[in-house]
Amino acid sequence: MENYKIDHLVVGSKCLEAGTDYIENLLDLKLSPIGHHKKMGTHNRVLKLGGLYLEVIAIDPESNVKLKNTFFGLDNPFVKDIILSKPRLISFVVSSSSNVCSELYPKKTYIERSKYKWNFMRPNENILEKDVYPYSDIFPSIIHWLTPSPLEDMEKNFFNFERLEIELKENQIFYKDHLDSFKLNEKIVYKIRKNADDDLYPKIYGIVKNTKTGNELIIK
């Protein structure tokens with residue numbers, strides 16, 4: 001039986017500096033040094049949120065990798081022009097206790113970053129209705145760690161993950177059914193919007209709590 005949990009939240013950005021500024025200004029906290037995914041042509045910074053972490057990720061302008069289908073579609077013109085019109089929470093990643101293979105996750109990619117190694121499975125956009133899910137990577141990717149997760153190496157702070165709040169259109173209930181199939185212990189709250197104001201739904205909001213002040217902040 002697979003054991004799934006939310007591994008990390010993903011904030012995408014056209015450039016790492018803008019995404020870093022967004023999160024550091026929101027939380028009044030510094031992110032980690034830059035990490036590089038040399039195989040994928042991306043770089044990131046991370047931040048511990050209790051039992052999971054936050055990743056800010058962008059295409060690395062100094063990479064010589066010829067980008068094609070990189071993490072979360074960051075090289076896709078639609079993603080760059082529409083999804084990443086500003087830094088935003090674009091997805092999250094679910095960890096699996098073993099490699100998985102399914103119609104929605106048919107392919108695994110081996111990745112390394114410094115001492116960390118993992119297999120990564122993105123959702124298969126070819127089986128999703130593009131008019132219902134114009135951004136397929138809104139579905140969580142799956143990660144299977146081949147080394148210990150970097151979570152325990154991250155610096156502790158006052159922030160804990162509280163819940164995800166997800167807004168869906170009425171015709172996107174499959175998204176909820178799919179997440180329910182993971183049987184995640186983390187709290188997820190859904191809202192169905194009958195009159196959505198744009199085509200970028202589902203929308204994900206990460207709620208984090210400052211345990212020092214008791215205040216909740218929204219990463220969106």
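For the side chain to side chain contact (heavy atoms under 4.5 Å, CB included) test, residues two or more places apart in sequence or in another chain that qualify with T42 are H37, M40, I57, T70, F71, L74. Remark: R193 pairs with E167 by the salt bridge (charged side-chain N to carboxylate O under 4.0 Å, His left out) rule, at least two apart or across chains. For Y53, the ring pair (Phe, Tyr, Trp, His ring centres under 6.0 Å) partners at least two apart in sequence or on another chain are H8. With sequence neighbours excluded, no residue forms a ring pair (Phe, Tyr, Trp, His ring centres under 6.0 Å) with F159. Residues passing the salt bridge (charged side-chain N to carboxylate O under 4.0 Å, His left out) test with K30, sequence neighbours excluded: E24. The ring pair (Phe, Tyr, Trp, His ring centres under 6.0 Å) test applied to Y22 returns no partner, not counting sequence neighbours. Under the salt bridge (charged side-chain N to carboxylate O under 4.0 Å, His left out) criterion, K203 pairs with D198, not counting sequence neighbours.
Applying the salt bridge (charged side-chain N to carboxylate O under 4.0 Å, His left out) test to pairs two or more places apart or on separate chains, those with a residue in residues 99-118 are K115-D153. Counting only residues at least two apart or on different chains, the salt bridge (charged side-chain N to carboxylate O under 4.0 Å, His left out) pairs with a member in residues 132-147 are R122-D137.
Side-chain contact of W145 with N119: a donor-acceptor pair under 3.5 Å is absent, judged by distance alone. N210 and N215 are not linked by any side-chain donor-acceptor pair at a separation below 3.5 angstrom, with hydrogens and angles left out of the test.
Formation of a donor-acceptor pair under 3.5 Å by the S63 side chain with backbone atoms of D60 is not found in this model. A donor-acceptor pair is defined here as one N or O able to donate and one able to accept, closer than 3.5 Å; such a pair exists between the side chain of Q172 and the backbone of V132. Of the possible polar contacts, none joining the H43 side chain to the G35 backbone as a donor-acceptor pair under 3.5 Å is found. In this structure a side-chain-to-backbone donor-acceptor pair under 3.5 Å is missing from N160 to T211. Between the side chain of Y175 and the backbone N or O of I138 there is at least one donor-acceptor pair closer than 3.5 Å. Checking side-chain atoms of S102 against main-chain N and O of Y105 turns up a donor-acceptor pair under 3.5 Å. Using modelled atom types, one side-chain atom of S13 and one backbone atom of G19 make a donor-acceptor pair closer than 3.5 Å.
If you chain together ILVMFWY residues whose side-chain heavy atoms come under 4.5 Å of each other, V189 ends up in a group of its own. If you chain together ILVMFWY residues whose side-chain heavy atoms come under 4.5 Å of each other, I218 ends up grouped with Y205, I207. Applying the under-4.5 Å side-chain rule to Ile, Leu, Val, Met, Phe, Trp and Tyr, the cluster around L146 extends to Y110.
When the shell of 6.0 Å around CG of N64 is examined, it contains 12 or fewer heavy atoms from other residues, nucleotides or ligands.
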Practice problem: Evaluate the side-chain contact (heavy atoms from CB on, under 4.5 Å) criterion for residues I219 and I23: first the C-alpha distance (whole Å), next the side-chain angles of each, then the deciding distance (0.1 Å), finally the verdict. | Solution: CA-CA 8 Å; I219 301 171; I23 294 300; 4.0 Å; yes

Quiz prompt | Chi angles and distances behind the side-chain contact (heavy atoms from CB on, under 4.5 Å) call for V56, L16 | solution = CA-CA 7 Å; V56 177; L16 192 59; 3.9 Å; yes

Exercise. I would like to know whether L104 and H178 meet side-chain contact (heavy atoms from CB on, under 4.5 Å); could you show each step before the answer?
Key: CA-CA 10 Å; L104 190 55; H178 176 66; 3.2 Å; yes

Exercise. Could you please spell out the steps behind the side-chain contact (heavy atoms from CB on, under 4.5 Å) verdict for F182 and N3?
Key: CA-CA 8 Å; F182 288 120; N3 292 316; over 6 Å; no

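Nearest heavy-atom pair, K14 versus K80, reported as atom, atom and distance to 0.1 Å: CE-O, 2.7 Å. Closest approach of E125 and S136 over heavy atoms only: CB-OG, 3.2 Å. Closest approach of S96 and I142 over heavy atoms only: CB-CG2, 3.7 Å. Of all the heavy atoms in S32 and V46, the pair that sits closest is OG-N, 2.9 Å.
Ionic pairing of R163 and E216 is present here: one or more N-O contacts between side-chain nitrogen and carboxylate oxygen are shorter than 4.0 angstrom.
In the hydrophobic cluster analysis, where Ile, Leu, Val, Met, Phe, Trp and Tyr join through side-chain heavy atoms closer than 4.5 angstrom, L164 is grouped apart from Y201.
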